[in-house]
Every structure is written in structure tokens, then in C-alpha cells.
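So you know, we letter chains A, B, ... as the sequences are listed, proteins then strands, and number each from 1.
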Protein chains: 2
Amino acid sequence: MSKPAFSAVSKESLSDSVYRQLADKILRGELPAGEPLPAERELSETLGVNRGAVREAIKRLQQARLVAVRQGGNSVVLDYRAEGGLELLPSLLVNGQGQLDTAVVRSIMAMRSALAPDIAAAAVKGGAALADELDALLAPMRRDGDLRVLQDQALAFWHKLVERGGNIAFRLAFNSMTRTYTQVWDALRLVLQAEFRDLDNLGAIAAAVRRGDAEAARRHGRLHVEIGRGALEQALDAMEGRQRLQ
Amino acid sequence: MSKPAFSAVSKESLSDSVYRQLADKILRGELPAGEPLPAERELSETLGVNRGAVREAIKRLQQARLVAVRQGGNSVVLDYRAEGGLELLPSLLVNGQGQLDTAVVRSIMAMRSALAPDIAAAAVKGGAALADELDALLAPMRRDGDLRVLQDQALAFWHKLVERGGNIAFRLAFNSMTRTYTQVWDALRLVLQAEFRDLDNLGAIAAAVRRGDAEAARRHGRLHVEIGRGALEQALDAMEGRQRLQ
DNA sequence: CACCCTCAACTGGTATGATAAGTTGACCAC
DNA sequence: GTGGTCAACTTATCATACCAGTTGAGGGTG
């Protein structure tokens, strides 16, 4: 997760680029709900791409429920707040200029706090086998104080919990949320460091999993993520305070 | 929601049909992760549609993270459990033959239980204005015992809570989940009737919103949805027990 | 005037066929 | 074995049709 030695070279296709541009305009409010989209032929001309590429992009906008399409009439922009699914979250976190939306950050942390306890509780069905694997993940965290390691292992810890919990809704939501905050993975490292260093609650979760104690797992799960939530809340307050002073 | 007098005639486009077929095969495990997809030209020939329709469908599969595409090589199926977002939930609830997956049902109910209390708690910021609107939604429920009315108004009640809570993550997740269980809206009516008739907790939430009492809202939110969860759990146990006897 | 019909000029939906660009695996030279 | 070559794949993009549904302006009709 942190500091990959190499990363895949990005080769964005034309339709990807068109999709990104249009989705950005919609999510930033530049194209408000109800507004008709330019015609496909017009878009393909102004963007200098083939109509097929535009159509592929619009199909994706349709799937994300950002626009409604019907033959004969222009496609129209929908209200993503009312129609969109959780998969939009990553695109909402950082707006076009790369600034992150603090309201979205708070939202994510609130959702994380709501889900984490139940994710931990659901994982107790994994029993001793899961507990062993969780302890194995904790080992390098105890040995090595490197924040990067702590952060990566903590994510792996929760990933395993949600993977073994057998709750597909939790898992899919976890995927969407993970994709959201890995965008700001580096920035989170320092802000959430108190949580990453909280090995006690993670260890307590592993122990609770081992003895099948769902309530203890839930309790320690809540305690653990609330550490990060509090820290982030403080950081955001400070950030917004500074902005107001400017 | 319930019993619309008329509903829009379905006009599925070719690419929609192709997408649905492929997504179904993947979600049902017929095309396991790692398996290469047939070539676009081959698919377009076997399905009897032009290649553009196939490409639009595959772009959507790519967006849903059901497949990975790269120029020059075949597209390959991904593990949706590890990659997919919450927007897949509706497609997972009912498998190809229209049978519903009880594990998915349980997952959804667990997620609902995890989110509902915090949704109620977040809504208290709406204050008296929101409380008035909530009471207005409860009025027809108290007047009219019709289960259909109760069900629709209860959904509207939660919709308003999540809409006013100002938490975009909650809202998008709520959208995904709503789309999931409106698929079995009629079947849920009887199973969850005890919850729909529980106006006491809904009224208590409205009252808590009015006086800004987040903890009370959270508590009554939890109590309310646990009624439905328990009822559904019983129904599923009975159903699965019957299946085992067959 | 109000109503309704017609129709041209839009819109998206589908089809065909060509070319560019990247991947794969067999083959060969060293 | 290592590395290069190349033919036969694949997806990516393009151009150009034509089909099908929507819309709004115009003109009739009562």
C-alpha cells in the first residue's frame, strides 16, 4: 500500500478521459441536476474524439446514475445525492482541483465508526484460525514501530476481519470506503497515527475472536476507530479554523 | 413505492442486455475470477449484436470492477467480493433464477442495524423543522393501518432522516441498500410488519430530533430496526428449515 | 382562440468495416 | 537458457452510414 517501488504506468483510454471530465463537472455542480447534456455528436466534436468513445463514457455515467439517457432526447443530469451509490464516494472526496472536501471526510469517518464495531463482532465466527492470522498481522506491528508498517498492517487487519465476517454488504462497503481513503493514504498517516499505534484494542479484538466473544470484539472495535475519528475531527477543526483566519 | 398504477415500459438496449448477461454469469460464479472473457468480436458474433454494444457493456463491467480490460489481451474476470462496491448489492440479492440469496438478506439486515442508529443520531441537527416533517410523515401512519401505507411512510421517514443528516456516505449507502430491498418490497411487507407498526420508536426519534437528543435518537433507531431484523431472522430460519426437510 | 395533427430537425441506438496499437506465444539465433 | 523476431491474436479508435424515438414549430380545424 505505502510506497510501492514501482507503480503501473497509467494509460487512460479516451472514454475514460471523457467519463472523468463529465463526472467531475456533475459532481462539482458545474452541470446541475436537470441540466441536459450536450448531444453525443456535439460532445464528440468539441472533445475531438469519436462518438463511440463518448457513448462508452455516457453509458458509464448512466450506470453511476449521474445521468438518465433516453433515445430521441438529450441525456439529463441526475441528482447524485438522491440517486448515486456508495461507489461515488472516492470521486467526492477530492474535488477537481485536488482539494479534499472536509464534509466528505467527516462523513466517511462517521460511517467507519458505525460499521467497524459490527464488522469486528461479525468476525468472531472466524474462531481460533482467524485469531491466529490476526495475531500474525499484529506481530510486525509490535516489532517495528514504522508508521508506514503500522498503517498498512492495520488496514490488512480490518481487511481480514471483514473478509472473514461473511457479510457481503460489509465487505462491499468496506471496498468502497477503502478506495476512498487510500486516495489520501499518505496524509492520513500522521493524522491517524494515534489509532495506528493502538495495538491494545486490535489485540483485544483478536483475543475476542479467539474466544468467540462478539460483544468484546464490538466494544474494542468501537474504541479503536474512535481514536482515529477524534484525531481527525481535531485536525479538521484546526484546518477549517486556519482557513477562516486567512 | 407500493403498487404503482402504471410503471414505465422497459426498453432495454442491446448493451444493457449484454451487460446483464455477463454480469449475471460473473456474479453467479459461472465465470470465475481469473477467467478470460471471450474476445469482443467473438462475443458480438455469438450474441448477434455489433461490437459497439459489446464494448459499451464491457466498459460498464469494468466500471463495476467485475472485469479488468487491457489493450491487446483478453479482459479477465475479477473477484467481485474483493473489488466490487456496494452498488453490486442489488444484483446479488436475487440470483439468475429469481431466487433470493438468504446470506445476502442477512448481510443487508446487519448493515441496516449498524447504520440506522447513527443515521438517526446524525439527523438531530435537523431540529424542530425536521421534527415537524417527520411528524407529518407519521400522521398518515397513525390514521391508516394499511400495511402498504405503513411500509411506504416508514421508508420515507428514514429517507428524510438520512437526507437531512448531512452525511453523504450514509446517504449513498442508503441509496444502494434501498435499491436492494425494493426489489423484494412486496415480500418484505408481511415479514417486517411488526417493524412497520412500531410507531412508538419512530415517534420517539422525531421527538429526540426536536430536542436535539442524539443519544435518544440513536437508541430508538436501534430498537426500531432490531424489530425487523429479528422478524426477518425468524422467517429465514423457518425458510431454510423447510428447505432442509425437502 | 384552443385544440390537434403533421413533419422536419433534432436526439440516442445500431450496424459495418477499416486501421492503429498492445499482448501473446511459438520460433529461432546465439 | 537468454534474448530477439514475428505472426496471430487482442483491444482502441475512427468514419460513415442508417434506424428509431422526441421535440417543437407550424399549420390546419373546430
Scoring nucleotides 6-13 of chain C by protein non-hydrogen atoms under 4.0 Å (B base, S sugar-phosphate only, - none) yields -----BBB
Are side-chain N/O atoms of A/Thr178 and A/Asn175 paired as donor and acceptor at under 3.5 Å?
no
A/Arg179 side chain reached by B/Arg65 side chain, heavy atoms, under 4.5 Å:
yes
Between B/Arg60 and A/Glu56, is there a side-chain N and carboxylate O pair less than 4.0 Å apart?
no
Write down the distance between CG (A/Leu47) and C1' (D/dC14), rounded to a whole number of angstrom.
15 Å
note: B/Glu45, atom CD; C/dG17, atom P; distance rounded to Å ~ 12 Å
Of all pairs that satisfy salt bridge (Lys or Arg N to Asp or Glu O under 4.0 Å), the ones with a partner from residues 83-95 of chain B, not counting sequence neighbours:
none
Do the side chains of B/Asp186 and B/Arg189 get nearer than 4.5 Å, heavy atoms only?
yes
Given C/dA15, is OP1 or OP2 found less than 4.0 Å from the side-chain N or O atoms of B/Asn50?
yes
